[in-house]
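Order of the sequence lines fixes the chain letters, A, B, ..., with proteins taken first and strands second; residue numbering starts at 1 for each chain.
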Number of protein chains: 2
Amino acid sequence: MKDDVIKILNDYGIQPSAQRVAVAEYVLTTEEHPSADQVFAKVSSNFPMISRATIYNTLNLFVEKGLLRELHIAAGRVVFDPNLQRHHHFIDEESGEITDIHGHQLEVSNLASLKGLEISDYQVVLRGKIKKK
Amino acid sequence: MKDDVIKILNDYGIQPSAQRVAVAEYVLTTEEHPSADQVFAKVSSNFPMISRATIYNTLNLFVEKGLLRELHIAAGRVVFDPNLQRHHHFIDEESGEITDIHGHQLEVSNLASLKGLEISDYQVVLRGKIKKK
DNA sequence: GTTCGTGCAAACGGTTTGCAACAAT
DNA sequence: ATTGTTGCAAACCGTTTGCACGAAC
């Protein structure tokens, strides 16, 4: 597990320090879409001496190196997403929780109609409530 | 013009003070997707004595009353959008500029496949470059 | 011993808030 | 007189930065 993470970091050209491994171990495997502060909270529970600055530096480095994506879809915070494939997001309006919607679950058509734009990436952002039965 | 705006504010249950009318006159007619600071810059050029706090309070009030939408799609800033209809956004990766994509230009299908979710709203966020010819 | 990563604390920038003054009715 | 609105400045919060210490090779 730790070895897998170290391999991944190396593959992305990131020197695997102990802190970076700890951050990667959490952020690459979570289903959540954590903010920097959530990462800090989680990681420092098994790695108590890590500082906030290191969390921010590390996450930004990961984004730079293409290991993570930053999402700017919710109010007031940036969240991180280890899923690099094309996919979409559902935001629960009550809890603010973000859930992945896999790319094949939704289809966006007519993209070709956008003459004059070179689309490098797109996503659908959905908002709503979770139905209770 | 000013009268139209006053009528709109009244319709939305907003008392039309001079400052609010000035903000509304700009923000309801612009094609841009301005941040609070851009609104401040524009509005204070014809209304020099308005304060930043009033801009923020006013914009937040407008959002609360349903006259504007807040968009959280770009890095580091919240922008406001007077277009209340379902539509999508293109973000120019070079300039950061946001352009409307009208609702009928893109189609999202399979929404019905999302069992268990009650979608109240959705939008497609596209990123890319403007083709130069 | 040079390079790179970390931790701290201060700085930063956008946004909000508390409060006193003011306008409207 | 009461109610609601504004302006100021300070507070706030998430994030970045400068710098000195420490680890690794």
Note to self: For C:dT25 and B:Gln15 - does any side-chain N or O of the residue sit under 4.0 Å from the phosphate oxygens OP1/OP2?
What the structure shows: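 For B:Gln15, the contact criterion (side-chain N or O under 4.0 Å from OP1 or OP2 of C:dT25) is not met.
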
Note to self: With a 4.0 Å cutoff (strictly under), does any side-chain N or O of A:Ser17 reach OP1 or OP2 of C:dT6?
What the structure shows: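 Yes, because at least one side-chain N or O of A:Ser17 sits under 4.0 Å from OP1 or OP2 of C:dT6.
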
Notebook entry, point to check: Under the side-chain hydrogen bond (donor to acceptor under 3.5 Å, both in side chains) criterion, do A:Glu32 and A:Thr30 qualify, and how do the steps go?
Noted result: CA-CA 5 Å; A:Glu32 311 169 82; A:Thr30 183; 3.3 Å; yes

Notebook entry, point to check: Under 3.5 Å, side chain of B:Gln38 to main-chain N/O of B:Ser35, donor-acceptor pair present?
Noted result: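 Yes, the answer is positive, given that a donor and an acceptor are paired below the 3.5 Å cut-off.
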
Rounded to the nearest Å, what distance is computed from the [atom1] atom of residue [X] to the [atom2] atom of nucleotide [N]?
X       : N      : atom1 : atom2 : value
A:Arg20 : D:dA24 : CZ    : P     : 13 Å
A:Arg77 : C:dG14 : CZ    : C1'   : 18 Å
B:Gln19 : D:dT6  : CD    : C1'   : 6 Å

Next item on the list: Specify the residues of residues 40-68 of chain A, ordered by number, for which at least one heavy atom lies under 4.0 angstrom from an atom of DNA chain C.
Entry: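 Listed by number, they are A:Met49, A:Ile50, A:Ser51, A:Ala53, A:Thr54.
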
Check: Thinking salt bridges, do B:Asp121 and B:Arg86 make one under a 4.0 Å N-O criterion?
Finding: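 Here B:Asp121 pairs with B:Arg86 in a salt bridge, since their nearest N and O are under 4.0 Å apart.
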
Notebook entry, point to check: Do the ring centers of A:His33 and A:His89 come within less than 6.0 Å of each other?
Noted result: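 Close enough - the centres of the two rings lie under 6.0 Å apart.
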
Note to self: Do A:Ser120 and B:Glu93 pair up side chain to side chain, a donor and an acceptor below 3.5 Å, judged on atom types alone?
What the structure shows: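 Yes, B:Glu93 and A:Ser120 have a side-chain donor paired with an acceptor closer than 3.5 Å.
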
Next item on the list: Applying side-chain contact (heavy atoms from CB on, under 4.5 Å), run through A:Phe62 and A:Leu9 and close with a yes or a no.
Entry: CA-CA 9 Å; A:Phe62 287 3; A:Leu9 293 182; 3.9 Å; yes

